[in-house]
Amino acid sequence: MFAIEKLRCEYKQNPLGIDLAAPRISWQLVTDRRDCKQAAYQIQVAVDSGYREMSWDSGRVESSQSIHVELDQVKPDARTRYYYQVRAWDQTGVCSGWSETAFFETGLMGEPWEGEWISAPTEYFTEDSEVCPQLRTFVELNGMVASARIYVTALGLYELQLNDRRVGNHYFTPGWTSYGKRLQYQTYDVTNLLSGGTNVLGVLLGNGWYKGHLGWKKEKKIYGSTTALLLELHIKYMDGSTQRIHTGQGWEAAESAIRMSDIYMGETYDARLERNLMSTSEAGWHPVAVIGHFKDIIVAQENVPVTRNESLQPIALLTTPQGDKVLDMGQNMVGWLKFSVQGKAGETVELQHAEILDRDGNFYRENIRSAMQLVRYTLKGDEIESYEPHFTFQGFRYVKLTGFPETVQLEDFTGVVVHSDMERTGDFQCSDPLVNQLHHNILWGQKGNFLDVPTDYPQRDERLGWTGDAQMFVRTASYLMNTAPFFTKWLRDLKADQTPEGGIPFYVPNLTEAFSEGWGKTSNSSAAWGDAAAICPWTIYEMYGDVGQLPIYLRVSFVNAVIAAVQTRQCQVLTPQ
């Protein structure tokens, strides 16, 4: 057997929204023969899966390369799906046959955004309002839909809804970047979510990292004071015609049932205030405000998205010496609790999250500091209701329950584990259970701290992308999971946040200078922390062979010096020229 499998484009399987002039593809050889090596390959790229409309045929290329092969002859158009297949020959001339077809789909590719930035009107939503706004527009279809894509970003966080259904398994979008310099957009295939006649497109906006609390100094609105949305829906019909819907005048805004949502503080939800997006008779909807904001800093999604990756069931319901009801999840996790509850309209339940119990077995929060990690839910009444937060996550093992019925059923609670959707690539097991537990802790440390940025803690009032922590853990992280897209995105923010002379902040994305008070004259370029600019991209190169990362973050002369030193095995201090 000799075959080609696991085709990837920019590390991703069949990605949407690629915005590269020369995307790179990779593949794996699978064989049952020893000493089998690739001697040549052939790539075909087409705009149809039958390869009748060929965009490029590489012909036979004499090369052993099977990772990061640039499709530099394709010249991709915007908003177009490209199918590709690969075959290879080994050193004896045996051909693998064509692989299964894979695809990548381009995003806007630099096309100007037709949509306008919209926000909830200030006469109803002040800058200090904690209520999450809900935006909507109605979409009338003109025929049978062949394909539909949404391109969207936000100031703050967004959650898409189409006809009352959540769009995608992406959370905390558009992600945390250096918002003044870089802002990601995402692409969604919504072809199967549209229905004949009238459709309603709704969006919830949350404060997130953009407007909410960040850091231990209790500051808010570090990046901005107003949440906003930028969106385009592109529809292709079976007859070849097209339709575009975008943000601007004509959209409406209203208060949502989310009365407060903050990454550190938690979320407050009043189910009595839920809205029917499809209703045109409900009061409280107002025309949106069109605001001015940058569009030239918007880039396509680079990292893998944050997703729900697994779930945990509580192992026990404890009654502490102080009389609190506390759920024990069995281990620390990062995410939130999904729960079901029944009661009267207006009754409120609370869930407060912590990592440990004190020596007496009581609920303990001192190490969480000012991060409340508190979820409040007010019931609409009578029927069993289920809820999970929208724009917050907690680091916890124990959950104190307040306001719940006297009899609590463990099966009514599920821990939802979320982190960046990195593919698992490495594992370790041995005969010593203590060493295995250490490995388990390391793995779960990565799950908890790789939520869009590499943080130091996932629970207390910090959760920052410390450069020192990242450069220390990057090699271990890259052994356990495929971290290349994760660090690609984060290192581009590091580059964006470098000082004019090349200084590296203590954390990326960077915060205000006030957070560095007391650390000396500079808030950057400390040993170990500043080393992240060299160690992280170099480690990604060593782990993934990705030479394309190096010139982005290191001076070319420095890279050449490092490569030369490695090749000649010289040990010396290397400095940029």
Side-chain angles (χ1 to χ4, degrees), residues 1 3 5-6 8 11 13 26 28-37 66-67 304 306-318 326-335 353-359 361 364 367 394-399 410-411 413-451 454-459 466 468-487 528 535-536 538-546:
M1 181 186 70
E5 293 183 357
K6 205 171 183 180
R8 296 290 186 267
Y11 297 97
Q13 183 177 12
S26 304
Q28 290 185 0
L29 305 177
V30 179
T31 182
D32 56 4
R33 292 182 285 117
R34 298 185 64 181
D35 197 32
C36 183
K37 301 175 183 178
S66 60
I67 60 171
V304 291
V306 174
T307 58
R308 310 160 69 106
N309 289 283
E310 55 193 293
S311 60
L312 298 178
Q313 296 303 129
I315 64 170
L317 176 66
L318 311 175
V326 175
L327 287 175
D328 181 358
M329 301 304 296
Q331 68 162 73
N332 275 318
M333 58 165 283
V334 172
H353 304 73
E355 285 192 309
I356 56 175
L357 304 178
D358 68 15
R359 67 180 62 187
Y364 181 83
N367 66 310
Q394 289 82 44
F396 65 100
R397 171 175 174 173
Y398 299 98
V399 183
L410 292 184
E411 56 266 26
F413 300 87
T414 299
V416 179
V417 179
V418 296
H419 56 78
S420 293
D421 191 23
M422 301 166 291
E423 179 185 6
R424 183 73 180 274
T425 54
D427 197 6
F428 173 84
Q429 290 185 359
C430 71
S431 59
D432 190 325
L434 290 179
V435 176
N436 289 338
Q437 182 63 43
L438 175 61
H439 173 74
H440 174 88
N441 294 350
I442 292 168
L443 175 63
W444 277 85
Q446 181 170 351
K447 291 179 181 181
N449 283 292
F450 275 47
L451 197 155
T455 56
D456 56 337
Y457 297 97
Q459 84 295 62
W466 287 90
D469 300 56
Q471 63 92 6
M472 284 291 292
F473 192 61
V474 59
R475 184 174 296 276
T476 299
S478 300
Y479 170 79
L480 293 173
M481 299 181 184
N482 178 4
T483 64
F486 181 91
F487 275 104
I535 290 174
C536 289
W538 184 255
T539 301
I540 295 301
Y541 162 68
E542 289 187 310
M543 299 295 288
Y544 302 102
D546 195 344

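Note that the structure is predicted; figures quoted are calculated from it, not measured.
Without hydrogens or angle criteria, Q471 side chain to A528 main chain gives a donor-acceptor distance under 3.5 Å. A donor-acceptor contact shorter than 3.5 Å is absent between the side chain of D328 and the backbone of L318. Distance alone, capped at 3.5 Å, places no donor-acceptor pair between the Y11 side chain and the S26 backbone. In this structure, T455 contributes its side chain and N449 its backbone to a donor-acceptor pair below 3.5 Å. T31 places a side-chain N or O within donor-acceptor distance of the main-chain N or O of R33, the cut-off being under 3.5 Å. Counting only distance, with no hydrogens or angles, the side chain of Y479 and the backbone of D427 share a donor-acceptor pair below 3.5 Å.
The side-chain heavy atoms of E310 and K447, taken from C-beta on, include a pair separated by under 4.5 Å. Contact check for N436 versus F428: side-chain heavy atoms found under the 4.5 Å cut-off. Using a 4.5 Å heavy-atom cutoff, the side chains of R424 and L443 are in contact. By the 4.5 Å heavy-atom criterion applied to side chains, M333 and F396 are counted as neighbours. No side-chain heavy atom of N332 sits under 4.5 Å from any side-chain heavy atom of Q459. In this structure, F473 and T476 have side chains that are in contact, with non-hydrogen atoms separated by less than 4.5 Å. In this structure, the side chains of Q446 and T483 come closer than 4.5 Å at one or more pairs of heavy atoms. Side chains of L480 and H439 form a contact here, defined as non-hydrogen atoms less than 4.5 Å apart.
In this structure, Q429 places its CD atom where only 12 or fewer heavy-atom neighbours from other residues, nucleotides or ligands lie under 6.0 Å away. For M543, the CE atom counts as densely surrounded, since its 6.0 Å shell holds more than 12 non-hydrogen atoms of other residues, nucleotides or ligands. The environment of OH in Y457 is sparse: at most 12 heavy-atom neighbours from other residues, nucleotides or ligands sit within 6.0 Å.
Distance CG/N482 to CG/D421: 10.5 Å, rounded to 0.5 Å. The distance from the SG atom of C536 to the CE atom of M472 is 11.0 Å, given to the nearest 0.5 Å. Between L451 atom CG and T307 atom OG1 the span is 9.5 Å, to the nearest 0.5 Å. Atom CZ of R8 is separated from atom CD of E423 by 5.5 Å, given to the nearest 0.5 angstrom. From M422, atom CE reaches atom CZ of F486 across 6.0 Å, with rounding to the nearest 0.5 Å. Here the OG1 atom belonging to T414 is positioned 7.5 Å from the CE atom belonging to M329, to the nearest 0.5 angstrom.
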Working for side-chain contact (heavy atoms from CB on, under 4.5 Å), residues L410 and Q313: CA-CA 8 Å; L410 292 184; Q313 296 303 129; over 6 Å; no

Intermediate values then yes/no, side-chain contact (heavy atoms from CB on, under 4.5 Å), S311 and V416: CA-CA 5 Å; S311 60; V416 179; 5.5 Å; no

Derivation of the side-chain contact (heavy atoms from CB on, under 4.5 Å) call for Q331 and L312: CA-CA 9 Å; Q331 68 162 73; L312 298 178; 4.2 Å; yes

Residues V304, F450; criterion side-chain contact (heavy atoms from CB on, under 4.5 Å); working and verdict: CA-CA 11 Å; V304 291; F450 275 47; over 6 Å; no

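Between S478 and T425, the shortest heavy-atom distance links the atoms O-OG1, 4.0 Å. Closest non-hydrogen pair, V334 versus G448, comes out as CG2-CA, 3.4 Å. Heavy-atom minimum distance, Y364 versus L357: CB-C, 4.0 Å. For the pair E355 and R397, the tightest heavy-atom approach, listed with the atom from each and the gap, is O-CB, 3.6 Å.
Every residue meeting the side chain to side chain contact (heavy atoms under 4.5 Å, CB included) condition with D32, not counting sequence neighbours, appears here in chain and number order: M1.
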